[in-house]
Amino acid sequence: MSSSATTEITGQDHLWSVSEHLDDILGSVRPLEPIELQLLDAQGCVLVEDVTVPVSLPPFDNSSMDGYAVRVADIAGASEEFPAVLTVVGDVAAGQGEQPTVGAGQAARIMTGAPLPPGAEAVVPVEWTDGGLGAGPVSGMRAHSAAPDGASGEVRVHRPAEARAHVRARGSDVQAGDRALTAGTVLGAPQIALLAAIGRGTVTVRPRPRVVVMSTGSELIQPGEELAKGQIYDSNSFALTAAARDAGAIAYRVGAVADDAETLRSTIEDQLIRADLIVTTGGVSVGAYDVVKEALSSIGDEDEAGSGIEFRKLAMQPGKPQGFGSIGPDHTPLLALPGNPVSSYVSFEIFVRPAVRTLMGLPDVHRPTARAKLTADKALTSPSGRRQFLRGSYDPQAGTVRPVGGAGSHLVAALAHADALIVVPEKTTSVEPGADVDVVLLG
């Protein structure tokens with residue numbers, strides 16, 4: 001932060017730019033320290049080490065089909081009319097240690113994933129054979145090491161095969177010594193599958209940040225309860241908790257806190273134990289009941305150098321009032337967002353999401369952007385000196401974006417149908433239909 005003490009900007013005309021405020025946040029937030037986690041606990045985390053393959057995948061030549069392991073010369077020229085007749089010397093199942101040796105005129109029945117037995121050069125699918133006398137489908141057949149009563153222990157092959165046919169070669173996926181994953185990789189299901197396949201039970205990652213979200217306002221009640229006069233449902237805490245999870249965090253939602261500074265202060269202090277980042281919404285403007293400022297002015301350990309929350313006015317619409325700083329002995333970052341639903345969500349996307357991604361240690365912390373042609377019935381207007389973020393619907397195929405709803409910061413329904421933010425720069429007061437605009441992609 002630019003100030004080490006808890007302060008409030010007093011100059012009514014002083015406005016921070018969006019970039020200044022964001023730079024201040026990202027300059028203060030540091031990636032979380034790496035920890036070692038079990039594979040499933042590491043899902044969604046960022047790898048902090050290169051992972052080298054200790055053993056080739058697959059670790060041995062194996063069959064890609066249910067069928068018979070054979071020598072190529074023994075089935076050369078085989079056909080439906082003149083099948084190659086081979087003696088079945090045994091079965092090879094997946095996970096089996098010892099395998100029978102396949103000699104001249106012989107075959108071994110083999111299951112998908114089973115090691116190619118010694119002497120065999122190819123696998124013929126069971127569909128190319130009679131399946132063996134006295135036996136049903138491969139998956140249900142009995143071992144040929146002792147042939148069934150009355151059966152010859154033979155199989156007839158109706159087609160020839162080239163060497164290595166239907167054989168997965170050792171190391172054809174990855175070779176021992178290859179780099180499996182690089183530092184900075186976000187671990188999803190495929191990456192965790194690879195780590196498990198090469199035998200890694202744990203991995204060193206930056207943990208997913210723990211984000212605590214809370215709304216403030218005595219008028220707020222839980223969805224599902226009956227509204228009384230003057231009450232509204234708390235949507236902000238649900239929206240921001242979902243947004244934090246979408247950003248990669250482990251998010252905890254705290255029920256709405258009434259407009260009481262002491263209650264809010266104690267609630268925030270109670271949450272510090274499980275928070276890497278705290279996000280509040282509401283109570284940061286200039287109203288008589290904006291208790292967030294009052295509560296945060298004395299929260300945590302005031303003697304800790306560098307602690308404190310600074311409240312600012314930004315050259316931004318929506319989202320002019322903002323607060324940022326750190327609280328408590330661990331200097332936990334806190335972002336205080338405005339209370340109007342659209343203002344809080346836009347503020348989250350522009351400021352909080354990059355902070356969450358920075359805590360994760362990701363190199364690219366911002367939403368992707370694009371240039372698009374504005375499709376609208378009339379020109380968009382924007383106040384001079386403010387960077388405006390309007391809800392939009394983006395068509396990537398056409399390269400166009402159209403506004404969704406009006407500019408009001410309370411229009412939740414319009415927000416629900418938007419997948420982009422249309423950005424109008426500070427010096428632009430009007431954007432005509434057909435003009436190119438920057439869009440922040442939310443999808």
Side-chain angles (χ1 to χ4, degrees), residues 1 21-49 181 183-189 191-192 202-215 236-255 267-281 296 299-300 304 306-309 322-337 344-368 440 442:
M1 287 183 57
H21 186 60
L22 179 59
D23 289 345
D24 199 20
I25 293 170
L26 298 186
S28 302
V29 175
R30 298 287 181 268
L32 299 176
E33 289 297 316
I35 60 174
E36 187 174 8
L37 293 177
Q38 298 289 325
L39 289 189
L40 290 180
D41 294 331
Q43 183 175 2
C45 297
V46 177
L47 194 64
V48 298
E49 59 177 343
L181 297 170
T185 300
V186 179
L187 299 181
Q191 293 76 30
I192 289 175
T202 62
V203 68
T204 304
V205 297
R206 295 193 191 278
R208 295 167 62 196
R210 300 165 300 165
V211 177
V212 172
V213 177
M214 64 181 70
S215 294
N236 283 1
S237 64
F238 285 91
L240 301 189
T241 301
R245 291 175 179 173
D246 180 72
I250 299 171
Y252 305 105
R253 176 188 165 271
V254 179
T267 301
I268 292 176
E269 288 177 337
D270 288 344
Q271 295 299 321
L272 286 173
I273 192 171
R274 65 170 181 173
D276 297 308
L277 175 69
I278 292 180
V279 179
T280 67
T281 171
L296 296 181
I299 196 169
E304 289 288 336
S307 293
I309 307 299
Q322 301 283 338
F324 168 65
S326 63
I327 56 175
D330 295 327
H331 302 288
T332 302
L334 183 146
L335 283 88
L337 310 183
S344 67
Y345 178 72
V346 170
S347 298
F348 184 98
E349 289 293 338
I350 303 303
F351 303 121
V352 184
R353 182 183 175 92
V356 170
R357 309 284 282 180
T358 297
L359 287 168
M360 294 178 68
L362 289 167
D364 187 4
V365 300
H366 303 286
R367 286 283 197 185
V440 178
L442 303 178

Do the side chains of L37 and C45 get nearer than 4.5 Å, heavy atoms only? yes

Any idea which heavy atoms bring G361 and P31 closest together, and the distance? CA-CB, 4.0 Å

Trace of the side chain to side chain contact (heavy atoms under 4.5 Å, CB included) decision for D330 with L272: CA-CA 9 Å; D330 295 327; L272 286 173; over 6 Å; no

What's the spacing between I35 CD1 and T202 OG1 if we round to 0.5 Å? 11.5 Å

Over all atoms of both residues, closest heavy-atom pair of V29 and A355: CG1-O, 3.9 Å

Where do I309 and I327 come nearest, in terms of heavy atoms and distance? CD1-CG2, 3.6 Å

First locate atom OG1 of T280, then atom CG of N236, and finally report the distance between them rounded to the nearest 0.5 Å. 10.5 Å

Hits for ring pair (Phe, Tyr, Trp, His ring centres under 6.0 Å) against F348, two or more places apart or cross-chain, chain-then-number order -> none

Closest approach of L32 to P207 (non-hydrogen atoms, all atoms of both residues): CD1-O, 3.6 Å

Taking all non-hydrogen atoms of both residues, which atom of A275 and which atom of I278 are closest, and how far apart? CB-CG1, 3.7 Å

Separation between NE2 of H366 and CG of L22, rounded to the nearest 0.5 Å: 5.5 Å

Got a second to check how far R353's CZ is from S347's OG, nearest 0.5 Å? 15.0 Å

Using a 3.5 Å distance criterion without hydrogens, assess whether the side chain of S215 forms a donor-acceptor pair with backbone atoms of S237. yes

Against P34, only a single residue in V203, V46, V205, V48 fulfils side-chain contact (heavy atoms from CB on, under 4.5 Å); can you say which? V48

4.5 Å side-chain heavy-atom contact, H21 and I350: no

When rounded to the nearest 0.5 angstrom, what distance separates CD in Q43 from CG in L187? 9.0 Å

Looking only at heavy atoms, what is the nearest atom pair of F324 and D24, with distance? CE2-O, 3.8 Å

With side chains defined as the heavy atoms from C-beta onward, is the minimum distance between L240 and V211 less than 4.5 Å? no

What pairs of residues pass the salt bridge (charged side-chain N to carboxylate O under 4.0 Å, His left out) test when at least one of them lies in residues 203-212, not counting sequence neighbours? R210-D276

Here the gap from T358 atom OG1 to D364 atom CG, rounded to the nearest 0.5 Å, amounts to 10.0 Å

Measure the shortest side-chain to side-chain distance between M214 and I268 over non-hydrogen atoms and say whether it is less than 4.5 angstrom. yes

T185 and Q191: side chain donor to acceptor below 3.5 Å: no

With sequence neighbours excluded, what pairs up with D270 under the side-chain contact (heavy atoms from CB on, under 4.5 Å) test? none

